[in-house]
Amino acid sequence: MADDPLFDEFELNGDILDGRVGLAPMTRTSATDEGRPTDRMARYYASFARGGFSFLVTEGVHPDATHSQGYHNQPGLATDEQAAAWEPVVDAVHEAGSPIFAQLMHAGAQSQGNRYGFGPVAPSSYRPPGEMAELYGGSGEFPEADGLDDEGLDDVKAGFVAAAERARDAGFDGIEVHAANGYLLHEFVDPLVNDRDDEYGGSPANRARFPAEVTAAIDEATPDEFVVGVRASQAAVTDEERAWPDGEATAAALFGALSEAGADYVHVTGGDATAPEVPDTDRTLAELAVEHVDDAAVIANGSLGDPDKARAALADGADLITLGTGALANHDWPNRVWAGEPLDDLDPGVVFQPDASLSDAEVPGDD
């Protein structure tokens with residue numbers, strides 16, 4: 001497999017990755033009630049590093065102790081105690097040979113579990129469609145989220161920056177700003193949600209402004225070698241078919257703003273990273289990112305568990321790819337592909353029953 005592009009080296013912000021395949025962030029609701037990672041999580045993440053994934057992105061981590069938490073038993077970087085509990089996870093992954101990035105996620109209007117006693121917030125008053133996900137411990141309709149005022153925006157930004165600094169202190173190699181899947185920063189970008197009439201609403205450039213400001217603030221507060229990435233999507237957890245009505249304009253404004261803000265990579269996700277998905281174009285979101293991102297890597301995600309599809313995403317211009325479902329089914333996906341070994345299909349009964357927390361079958365040493 002010496003000529004396989006999946007295993008070409010890649011330089012990311014000065015670090016040399018030994019391949020192009022990373023672990024995608026996936027919500028697993030397996031932290032303690034206080035939001036602290038566990039030894040079980042350390043073994044879970046380290047198993048992917050041992051399996052050949054060249055970099056790992058954690059599940060969404062809530063950055064502050066007010067409105068940001070999305071799920072009960074979601075890990076946090078909102079306190080020093082939570083950050084200290086991440087250190088064994090980071091150490092285990094490093095010992096297995098891979099860098100690890102903490103995904104910082106403010107749930108926004110999609111919050112369905114907050115131990116701190118705060119209600120949901122959004123760019124403007126908004127109630128997500130549908131019902132909360134039982135898989136992640138929720139039930140019933142979402143409450144209506146309150147719109148953020150100027151003080152609230154400052155608090156959100158400060159929370160992201162403080163969490164990034166805690167991630168650095170805990171030994172993480174970088175962070176990923178979660179601006180996808182319908183969570184708070186994605187809500188700013190999405191014209192179907194953002195109803196603001198100030199500098200953060202209306203035009204594509206205005207809607208991209210706040211996610212870019214958060215990214216720039218983190219980049220300024222952390223060392224140059226600390227990776228700052230951003231995840232973007234059209235769809236939301238509560239609406240998997242959602243697409244930006246002005247898709248190409250929004251993509252151009254968002255990716256350009258994130259580049260100017262200092263992002264080291266832009267991680268785009270959709271249902272199928274190789275299928276056209278942006279309205280009124282024949283383009284994938286990854287292809288638009290390749291076009292509009294400057295001086296940053298592009299990571300593609302979405303239905304790339306077939307090695308040929310993963311290679312196609314790279315051929316279309318992505319620098320790196322990440323796997324979610326394929327990784328859950330094969331914690332050693334890169335090693336298997338390199339060796340020409342068959343891949344397993346995901347058994348949801350093993351992974352997601354009765355909820356999204358880690359199952360015994362997924363954690364080495366727990367059987």
Side-chain angles (χ1 to χ4, degrees), residues 6 19-31 37-61 70-71 73-75 89 92-93 96-103 105 133-137 176 178 180-181 183 231 233 235 237 240 267-274 299-311 313 320-339 341-367:
L6 294 171
R20 303 297 181 103
V21 184
L23 177 72
M26 291 174 283
T27 299
R28 300 314 306 267
T29 57
S30 295
T38 65
D39 290 341
R40 199 174 212 216
M41 291 170 61
R43 295 193 295 276
Y44 165 77
Y45 279 112
S47 69
F48 294 106
R50 288 194 301 273
F53 287 88
S54 62
F55 64 98
L56 279 60
V57 185
T58 72
E59 61 210 277
V61 178
Y71 306 101
N73 299 106
Q74 177 192 20
V89 181
V93 172
S98 296
I100 181 170
F101 311 137
Q103 188 191 67
M105 178 193 118
E134 294 184 5
L135 185 66
Y136 301 119
E176 178 174 282
H178 200 345
N181 302 114
Y183 298 113
R231 185 169 166 100
S233 74
V237 170
E240 295 182 355
H267 185 183
V268 296
T269 181
D272 185 339
T274 63
I299 305 177
N301 170 263
S303 301
L304 297 178
D306 180 322
D308 287 336
K309 291 192 69 173
R311 295 180 187 106
L320 302 163
I321 66 105
T322 59
L323 303 179
T325 301
L328 291 180
N330 305 272
H331 285 221
D332 56 350
W333 191 98
N335 288 351
R336 289 195 187 198
V337 173
W338 175 263
E341 297 175 355
L343 297 168
D344 294 332
D345 294 327
L346 181 67
D347 183 349
V350 171
V351 178
F352 293 131
Q353 294 295 329
D355 54 36
S357 60
L358 294 177
S359 66
D360 290 346
E362 295 179 87
V363 185
D366 278 15
D367 50 9

Can you check whether N335's main-chain N or O pairs, donor with acceptor, with N330's side chain at less than 3.5 Å? no
Taking the side chain as every heavy atom from C-beta outward, state whether P25 and F101 have any pair of such atoms under 4.5 Å apart. no
I321 versus R20: any side-chain heavy-atom pair under 4.5 Å? no
In Å and rounded to the nearest 0.5 Å, what is the CG to CE distance from L323 to M26? 8.5 Å
By ring pair (Phe, Tyr, Trp, His ring centres under 6.0 Å) - contacts of Y44 (at least two apart): F48, H331
Scanning both residues in full, the closest heavy-atom pair of P334 with V21 reads CG-CG1, 4.3 Å
Would you say D355's side chain and S357's backbone share a donor-acceptor pair under 3.5 angstrom? yes
Looking at residues at least two apart in the chain, or sitting in another chain, which of them share a side-chain hydrogen bond (donor to acceptor under 3.5 Å, both in side chains) with T269? R231, N301
Give the minimum heavy-atom separation between E59 and P75, together with the two atoms involved. OE1-CD, 3.5 Å
Ring pair (Phe, Tyr, Trp, His ring centres under 6.0 Å) involving H267 - partner list, sequence neighbours excluded: none
What one should report as the nearest heavy-atom pair of S30 and M41 is O-SD, 3.7 Å
Using the side-chain contact (heavy atoms from CB on, under 4.5 Å) definition, which of the options L23, V93, I100, V89 pairs with T58? I100
Got a second to check how far L56's CG is from T322's OG1, nearest 0.5 Å? 10.5 Å
Evaluate whether atom CG of D345 has more than 12 neighbouring non-hydrogen atoms of other residues, nucleotides or ligands under 6.0 angstrom away. no
